[in-house]
Amino acid sequence: MDLIEKIRKRIPEDTVRDGLLLEYIQTVSDRLCLRLGEDHLPSIFQSICVDAVVKMYRRTYYEGISSEGTSNLTTSFVDDILDEYSDEITSWKLRKTNISGSGRVVRFL
């Protein structure tokens with residue numbers, strides 16, 4: 001199943017254009033690759049890409065809102081959609097460094 005199909009399962013609206021979703025996918029993929037230090041998005045991060053694209057789509061008309069309140073309803077957005085995945089990104093990078101052998105540690109006693 002490709003990323004657009006996964007996103008469409010979460011956003012079943014007929015008004016969503018594939019071109020817009022592809023743009024969001026590319027943006028999130030690029031940002032993830034920069035954080036991961038990779039040229040291509042590792043398949044393990046596809047679910048994070050899908051989550052972030054859905055969040056980007058849902059905040060389309062609210063971009064830039066940091067806080068808004070009306071009666072019992074409050075809206076606020078994080079500045080960085082990928083921030084909540086920082087633990088996964090850091091863990092993956094550490095594991096990759098240790099597997100490749102370049103994460104060696106030297107201890108002086």
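This one's a predicted model, so the numbers in the text were calculated from it and none came from an experiment.
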Inset, instruction - Starting from the C-alpha separation in whole Å, work towards a yes-or-no answer on side-chain contact (heavy atoms from CB on, under 4.5 Å) for E84 and K55. - result: CA-CA 12 Å; E84 70 180 87; K55 289 175 185 176; 2.4 Å; yes
What's the separation between atom [atom1] in [X] and atom [atom2] in [Y], rounded to the nearest 0.5 Å?
X   : Y   : atom1 : atom2 : result
R31 : C49 : CZ    : SG    : 11.5 Å
S29 : I48 : OG    : CD1   : 11.5 Å
L34 : D39 : CG    : CG    : 10.0 Å
H40 : L32 : NE2   : CG    : 14.5 Å

Inset, instruction - Not counting sequence neighbours, which residues clear side chain to side chain contact (heavy atoms under 4.5 Å, CB included) with I4? List them please. - result: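 With sequence neighbours excluded, I4 shows a side chain to side chain contact (heavy atoms under 4.5 Å, CB included) to D2, R8, D18, L21, L22, I25, given in chain and number order.
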Between [X] and [Y], is any pair of side-chain heavy atoms under 4.5 Å apart?
X   : Y   : result
V53 : L3  : no
E23 : M56 : no
L20 : Y57 : yes

Inset, instruction - Quick one: closest heavy-atom pair of F45 and L41, and the distance? - result: CB-CD1, 3.8 Å
Inset, instruction - Measure across V16 and I11 and return the closest heavy-atom pair with its distance rounded to 0.1 Å. - result: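 Looks like CG2-CG2, 3.6 Å.
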Tell me which donor-acceptor pairs under 3.5 Å the side chains of residues 86-94 have, and how far apart each pair is, sequence neighbours excluded?
from, atom 1, to, atom 2, distance (Å)
S86, OG, D83, O, 3.1
T90, OG1, S86, O, 2.8
K93, NZ, R35, O, 3.1

Legend entry - Heavy atoms from other residues, nucleotides or ligands near CD1 of I44 exceed 12 (cutoff 6.0 Å): no
Legend entry - Sequence-distant partners of R10, side-chain hydrogen bond (donor to acceptor under 3.5 Å, both in side chains), two or more places apart: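 Once residues adjacent in sequence are excluded, the partners of R10 under the side-chain hydrogen bond (donor to acceptor under 3.5 Å, both in side chains) criterion are D51.
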Inset, instruction - With sequence neighbours left out, write down each residue that passes salt bridge (Lys or Arg N to Asp or Glu O under 4.0 Å) with D30, or none if nothing qualifies. - result: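 Salt bridge (Lys or Arg N to Asp or Glu O under 4.0 Å) check on D30 returns nothing, list empty.
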